[in-house]
Structures are given as C-alpha cells and as structure tokens.
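Residue numbering restarts at 1 for every chain, and letters A, B, ... go by the order of the sequence lines.
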Amino acid sequence: MAERIQITLPGGKKAEHAVGAVVGDILAGGDEKRKSRFTVAAKVNGVPVDLSHRLNADAVVEPIDAETPEGLSILRHSMSHVMAQAVQDSFPGVQVSIGPSIEDGFYYDFEYAETFTPQDLEKIEERMRQIAAADIPFERREVSREEALSLFQKKGENYKVELINDLPSEVKAVSLYAEDGYVDLCRGPHIPSTGMIRAFKLLSVAGAYWRGDERNKMLQRIYGTGFATQEALDEHLRILEEARKRDHRRLGRELDLFQLNDEAGAGLVIWHPKGALLRTIIEDWERKEHLRRGYDIVIGPQILKADLWKRSGHFDHYRENMYFTEVDEQPYGIKPMNCLSHMLIYKSKIRSYRDLPLRYFELGTVHRHEKAGVLHGLMRVRQFTQDDAHILCTPEQLNSEIRAIADFVGYAMGIFGFEYEVELSTRPENSIGSDQDWELATRALEGALKDNRMTYEVNEGDGAFYGPKIDFKLKDALKRKWQCATIQCDFTLPERFDLHYVGEDGERHRPVMLHRVILGAIERFVGVLIEHYAGAFPLWLSPVQAVVVTVTDKHIPWGEEVRKLLLEGGIRVEGDFRNEKLGYKIREAQVQKTPYMLVIGDREAASRQVSPRRRDGRNLGSIDIGSFIGLVREQCEGFK
RNA sequence: GCCGAUGUAGCUCAGACGGUAGAGCAGCUGAUUCGUAAUCAGCAGGUCAGCGGUUCGAUCCCGCUCAUCGGCUCCA
C-alpha cells in the first residue's frame, strides 16, 4: 500500500500523491499574482533529490519557480507533453519521439504521413487549451524496461521503443508519465497538473532529423513557446516582433546598404554605396588598430595552385567546401582561407628568433561553398572578408600573444558596443597532431585566459582538427549570441610547410602558428551591427552622418555651401534640397536613421549658422558650422 | 544537402472555377515655397522567378530548375 502525501500547490490548493509509485513534481509559481519565490511544503520518503537527476523515482520536490530557468524549463517541457497529447488526439496515426524544452520554448518531433499546416497548429492549440482546462495531474510511474517496451510496442510507438532499447543495460526501470490515460515515456520532472499551463503559443513546423543525424528519417518538429504568465508570453512575442523589424536583411534594403540578388548568385553580397562606406570605415579602423599592435599588413592572391592546398591538408579535409578553377591547364584552388600566402611570406627568408613573433594581417576575401540551405542574409555567405591574421612565434611567446589577442578582442567589443562570452574548445575525435602538441596548445590557450582573468566555458571535443581554439561569442542588443573572434593554435601547418627559425642556440626550431580573427567575417559583423543598433549606427560608423535639409528653395544656396564646408571638414554629409515640406524631409532622414539633420531656413541663412536636430528628436539650436564640425569630430574620436 | 512553405510593380500585399492583372507606399511630371516624422494632382511602372508539359488558350494545373523564408545537418 503506497503511503499518500498531501502537497500544497501554488495558490494554496491541495493535491494528494502516492509516495513512490506516483509522484508529481512540483512547480511553484505559475501564478500571475505571485512574484516572489514560492515554497512548496512537501517531502516524499523524506529524501531530498537533486532535480537534475531525473531518473530518481523518489523525486521530490524542491521548490521551483517558473521565473527561474529550471522552473520555466519544467513548465515548457510539460507543455510539450500536452502538445504531443493534443497532436495524437487530433491526428490519429501520429508517432511521437522526443519533446524537450529549449532556450525560448519547447518542441516535439512527430512522424506523420501528412504535413502539419498553420491551420493544424491552431487546431492543436485549441486541443491543448482543453487539456489544460481539464487540469489533469501529471503522474509518474516506474515500470520495468520490459513492461515499458511492450506498452510502446503495442501502441506502435517505434521511436519510443528504440529509445528504451538504447538505454544502457544497467538501467532496469524506466519512468512513464501519465495524464488521465495518456502515457508517454519520460524522465520528467513535470508540473503537478496541466492546469498550470496558461500562456503558450505554437510557432512553426520544421523538419528535423531523428536523433539529429542526417542519415535518419526526417520528422516534423512543432515549435512552441510558453511562459508562466500571459504578460511574459506577450513580452516574448513582442521581442520576436522587434527582432523581425531589426532583421538586417530588411534594414539592409531599407537603408540601401547592400543587396543579395539571385541573378548574381546565392550567398554573394553586392554592397551599395552606403554599405560599402560602412565596411570601409570598419576596415580603416582595423588597419589602424593592427598597425598599432605590431601587425604587418599583407595581401595574398585569390587563387593558389591546387598542389599547395594538397600540401596544407585543405584538399583532404576541406575540398567539399572549396571552389576550383584551371589556369593554363593547371588546377588552382580559390582560397577558402588566407593562411597559405602568409606561410609563403614567412618562408621567403631565413627567420631568426629575434624576428619573432611575426604577425601577418590581411583583410582576406575568401570563398567557401556553403550548402545552399545554410545561406542566410549577411550571416552566412559564400564570399566574405575576414580580418584574418596569422602569428608565428616561439612556444614561449604563445602565452603573451594569446593574451594580447584576447585584449584586442575585448577592446574591439567595447568600441563596437558589444558584450561577449568566451569558450575554449578542446581536441575533437578525428584530429591530427601529437598528444604533446595538443597538450601544449590547450594549456597555452587556457593559461592565457586564466592569466587575463577571463571567465570561460569549456567545449570538450569542439576544437578544429588541427588544434584547440578560443571562441568569442558577442551578445547583441536582443541578447542573441554570434560567433565573432576566434583564436586557433596550430602546430600542423608549420610542420607541413617545414617552417623554422634559428634559435639562440643556433639550431633550427619549429615556430607555432596562431590563426585569429577579431570581428570575424566583415559581412556577418555588419549584419550583427545592423541588428544590434537596429540600423541607427553610432555617429562614427554612420555612412551618412548629417543631412542638410532646406526649408524652401530659396535656402538652397546656403544649404549647398554648408554641405561643401562640412565635406571639407571631413563630415559624411548629404543634402536634401528637394521641393518637399520640411516635415517630409525630416521624416525621411529619420527613417534613414541619419544622426544629424541640419535645418536651413531664413534664420540660418541670415546668421550663417546651422540648426542640428538629432535623430532622437532633440534640437541643438543654432550653432556655427565650425562648432558643429568640432562636435562631430569629438564624438567620432570617442567612438560614439 | 534534407524537410516544409513561398516566389505577382522598387517595397508591402490584393486578385482571377484557366480567357495575358490591381491597391498603398516609393518613382516621374506639374502645382505649391512651406520651420522639425508623410502637401495636392496627374503620369508611368509587370515575360505574374525561369524552363518545359497539358490545353483552343497557362501567371493560375503538372514537372523540373533557380531563389527566398522557417528549421535540421554542416560551419574543418
């Protein structure tokens, strides 16, 4: 006879669960009125259990709150169960697979002969609301593997059967979750009952490989999102809408920065004047900063003989992603990376330890044959320019070089207005190179991070095949993460190209090579910048910093003169002298997110001044041209 | 590459059981000369993504291709 225990649910409601056999995991919160953490008074068998250990049957019940990440994740995961039930209720013949919570919501993967449509999603949502309204308890039951197996075999749930069969042999029992007759294989934990499900929305259907393996069958994945409260859901949907408005593909067209044209080819960016100017501003900044930090600027050719790519190992490891061509019946590879010419520069003479470190910097344009399905605006393209550098140094210099790069990244992120996170990726499965080299390189990277007192996460086995790496992920205004800077340690290429330097001892030694980028691909970085600033770039980056706006035609002569004076003063300025009302021209400049609008009317013509209006709507009153130029320069120097 | 959806004017989108298409904004022309987010009027604008098939006739139905969008896989 199972002992039964009474649990207090949020809102004071009582629920009874059997200890051991049936245990509901408790989610507190979820009640709109409760903002503070809610404590559930419940113990099961008196055993406290870590919720991360979800196979433990004697679960209990630490207070969880839907406003904490764990609580929200449990809520969403429970929603995915309810969705699965709703789908199976509405569409007979659907097989379920798995349905976890994810960063912004949840999903569940289904196999079904028909394709789910947006109308189907509404139907499923409706059924979910019914299940939620019925306030059905989630009940946990432990059964033997065999029992579970026969249950799901009988139901024809082949994916569940596969999951059970693939459990490690020492697992003797599995847990089931049931809601009023509906049973699913799951580790839990879940909310106590479906009544806590209030705020959710199904968002989209997409294909997804079973178990994430492209050799497997593709299932239909339904994505949804959910929150403890309607307000939180509304806020999330608002952020999604905001992200849509900031989409760099949309703003790129509206601000006339670039185009992606299918006549030109997929993944090939055509930069319009303003976009090209923005890029140029960034590139000029890069050159200046690299020279300041002791880098040498170099330039290599776009194509190199195929033999060279064979020697570097790219032909073996990267051929699928390379473009090839032929010149005078000789095969050539179009560069997907910039390292090779840098190696040849190093090899062009005998190097002494006194020459090291050598830092070769190239704004290198590369071509990579990315699969058609992965192309995305400026974020994933087939031709792009990296702010690439290769540093050749002695093993002893590794630490200080890596630290300097990390500092450079931090400086750059500050200048462009981003926060960032750091990840260290270690040796992958099929890597090349000796254990000793990997050890040295990994220690060097990790040591430099520690010496710089940086916090970082470790991604085991996520490094490049030739060496470990540090990745920097920047965070934009909407908290989305983007890969930008990376530092990769490489012993292989110096080996393959037989690079050496003459040491203090007069002997030949092998240098180490660091591959690194700071902003990464300029294309992607511009895309991220556009979305981060929603197109309203800081003054120093704005392709057009000011627009001269005349009130009527008779003010054009002074307007022209102002524009000329500003151009001479180094300001990126345009004139809008069209026969339109002032309000119309202000609106247009505003939509274009131009930092300054200089209104020229009777007053300004008489006093030979300008009246700047900032894009935030503030008017600065009438000031002299010289003062305005000084103002702009000062802001630009401070990267404002 | 895979699953699904989509492709109509520069942009956002209507539309016709198969009989070669519209609206707003943008553009152009004219009027207007105006003080900080949209002045009025007129005009022009389209191989309905491309190629092939079915049909008396295809932008619409079918097939292929290309591209885009949402994901998956990939990003050494």
Side-chain angles (χ1 to χ4, degrees), chain A residues 102 107 109 111-112 114-118 203-223 244 247 249-250 253-254 256 259-268 312-322 336-337 368-377 379-382 384 425 428 430-432 462-467 469 471 483 486 488 490 492 515 520-521 524 549-556 578-593 597-604 611-615 617-620 622:
Chain A
I102 51 174
Y107 67 78
D109 287 347
E111 186 189 323
Y112 187 48
E114 317 266 318
T115 299
F116 294 122
T117 65
L203 299 172
S204 60
V205 187
Y209 298 108
W210 166 236
R211 296 194 149 178
D213 189 327
E214 63 182 327
R215 288 164 303 190
N216 287 343
K217 189 173 170 72
M218 192 158 254
L219 306 175
Q220 293 189 68
R221 174 170 297 177
I222 300 182
Y223 282 96
R244 200 182 64 79
D247 191 311
R249 294 165 297 189
R250 175 194 177 113
R253 188 181 55 242
E254 288 174 1
D256 200 12
Q259 65 172 300
L260 289 155
N261 186 323
D262 58 351
E263 279 186 295
L268 301 172
S312 69
H314 287 98
F315 191 83
D316 287 340
H317 286 271
Y318 204 66
R319 190 179 3 175
E320 299 298 298
N321 286 296
M322 281 182 69
M337 282 150 215
R368 297 184 186 178
H369 182 241
E370 302 289 356
K371 289 177 178 178
V374 306
L375 301 175
H376 178 87
M379 303 307 195
R380 197 84 179 267
V381 291
R382 285 179 171 158
F384 57 98
S425 297
N430 48 0
S431 56
I432 55 175
D462 222 20
F465 74 90
Y466 51 76
K469 60 177 183 172
D471 287 327
Q483 162 89 51
T486 175
Q488 303 179 359
D490 184 2
T492 309
H515 305 248
R524 168 179 295 185
V549 183
T550 46
V551 178
T552 75
D553 287 355
K554 69 181 177 200
H555 306 114
I556 293 177
R578 292 174 304 171
N579 174 13
E580 295 287 353
K581 286 186 155 181
L582 181 62
Y584 180 88
K585 295 199 269 191
I586 293 284
R587 179 187 143 82
E588 198 142 297
Q590 200 67 46
V591 169
Q592 289 293 308
K593 321 213 186 228
M597 289 149 250
L598 304 174
V599 175
I600 303 288
D602 285 340
R603 285 201 299 277
E604 291 75 17
S611 294
R613 174 197 205 271
R614 300 199 317 197
R615 63 186 161 196
R618 225 180 98 195
N619 289 321
L620 304 186
S622 290

Minimum-distance nucleotide (side-chain atoms of A:T552 versus B:C34, B:U36, B:A37): B:C34

Atom pair distance, as rounded to whole Å: NZ in A:K581 and P in B:C40: 8 Å

Sub-4.5 Å side-chain heavy-atom contact between A:Q483 and A:R524: yes

Gap in Å between the two C1' atoms, one belonging to B:G46 and one to B:C13, rounded: 15 Å

A:Y223, nearest nucleotide to its side chain (from B:U33, B:A67, B:C72): B:C72

Nucleotide of B:G35, B:U73, B:A37 approaching A:I586 most closely (side-chain heavy atoms): B:A37

Polar side-chain contact A:E370-B:G1 base: donor and acceptor under 3.5 Å: no

Nearest-neighbour nucleotide for the A:R221 side chain, B:G70, B:U39, B:C72 considered: B:C72

Rounded P spacing from B:G50 to B:G10 in Å: 13 Å

Whole-Å distance separating the NE2 atom of A:H376 from the P atom of B:G1: 18 Å

Between B:G27 and B:C56 - C1' atom distance, rounded Å: 40 Å

Options B:U36, B:A37, B:C11, nucleotide nearest the side-chain atoms of A:R253: B:C11

Touch class at under 4.0 angstrom, heavy-atom based, for A:E604 against every strand present: base

Euclidean distance, atom CD of residue A:E214 to atom C1' of B:C75 [Å, nearest integer]: 13 Å

Pairwise 5' ranking along RNA chain B for A:G377 and A:I600, keeping only the more 5' one: A:I600

Side chain of A:L582 - closest among B:G35, B:A37, B:C72: B:G35

Nearest-Å distance once atom C1' is located in both B:U73 and B:U55: 43 Å

Considering all heavy atoms, the nearest A:I432-A:Y466 contact: CG1-CA, 4.2 Å

Same-atom distance (C1') from B:A9 to B:C43, integer angstrom: 15 Å

NZ or CZ of A:R319 within 45° of A:F315 ring axis and under 6.0 Å: yes

A:Y318 and A:H369 aromatic centres sub-6.0 Å: no

Same-atom distance (C1') from B:U20 to B:A58, integer angstrom: 9 Å

Parallel, tilted or perpendicular: ring planes of A:F116 versus A:Y112, cut at 30 and 60 degrees: parallel

Length of the NZ-P vector between A:K585 and B:A38, whole Å: 14 Å

Test item: A:M597 and A:Q590 side chains (from C-beta on) under 4.5 Å apart, heavy atoms: yes

Sugar-phosphate, base or nothing in reach of A:R615, heavy atoms under 4.0 Å: nothing

Non-neighbouring partners of A:F384 that pass ring-ring contact (aromatic ring centres under 6.0 Å, His included), sequence neighbours left out: none

pair A:Y107-A:I222: side-chain heavy atoms closer than 4.5 Å: no

Nearest-Å distance for atom pair CG/C1', residues A:N619 and B:A37: 13 Å

Nearest to side-chain heavy atoms of A:K554, which nucleotide of B:G1, B:C34, B:A37: B:C34

Polar pair under 3.5 Å, donor/acceptor by atom type, side chain A:Y209, base B:G71: no

Check: A:D262 side chain, B:U68 base, donor-acceptor under 3.5 Å: no

Whole angstrom value for the distance that separates C1' of B:C74 from CZ of A:R215: 13 Å

Sugar-phosphate, base or nothing in reach of A:G583, heavy atoms under 4.0 Å: sugar-phosphate

Under-3.5 Å donor-acceptor pair between A:R250 side chain and B:C11 base: no

P spacing across the pair B:G4 / B:G63, given as an integer number of angstrom: 13 Å

Secondary-structure stems for RNA chain B, with pairs counted as Watson-Crick or G-U when both distances are under 3.5 Å and runs at least 3 long: B:1-7 with B:66-72, B:10-13 with B:22-25, B:27-31 with B:39-43, B:49-53 with B:61-65

Sugar-phosphate only, base, or nothing, as touched by A:R249 at under 4.0 Å among non-hydrogen atoms: sugar-phosphate

N/O (side chain, A:Y584) to phosphate O (OP1/OP2, B:C25) under 4.0 Å: no

Gap between atoms CG and P, on A:D247 and B:U68 respectively (whole Å): 14 Å

Sugar-phosphate only, base, or nothing, as touched by A:F116 at under 4.0 Å among non-hydrogen atoms: nothing

Nearest-Å distance for atom pair CG/P, residues A:N216 and B:G71: 22 Å

Touch class at under 4.0 angstrom, heavy-atom based, for A:H314 against every strand present: base

Closest listed nucleotide, where the reference is the side chain of A:R380 and the choices are B:U39, B:C74, B:A67: B:C74

Touch class at under 4.0 angstrom, heavy-atom based, for A:G313 against every strand present: nothing

Check: A:L598 and A:V549 side chains under 4.5 Å, non-hydrogen atoms: no

Partner residues of A:E254 under the salt bridge (Lys or Arg N to Asp or Glu O under 4.0 Å) criterion, sequence neighbours left out: A:R250

Sugar-phosphate, base or nothing in reach of A:E580, heavy atoms under 4.0 Å: base

Short side-chain donor-acceptor distance under 3.5 Å, A:Y223 and A:R221: yes

Given RNA chain B, 5'-ward residue of the pair A:D602 and A:R524, judged by closest heavy atom: A:D602

Of the listed nucleotides B:G35, B:U73, B:A37, the one nearest the side chain of A:V374: B:U73

Nearest-angstrom distance, P atom, B:C60 to B:G53: 14 Å

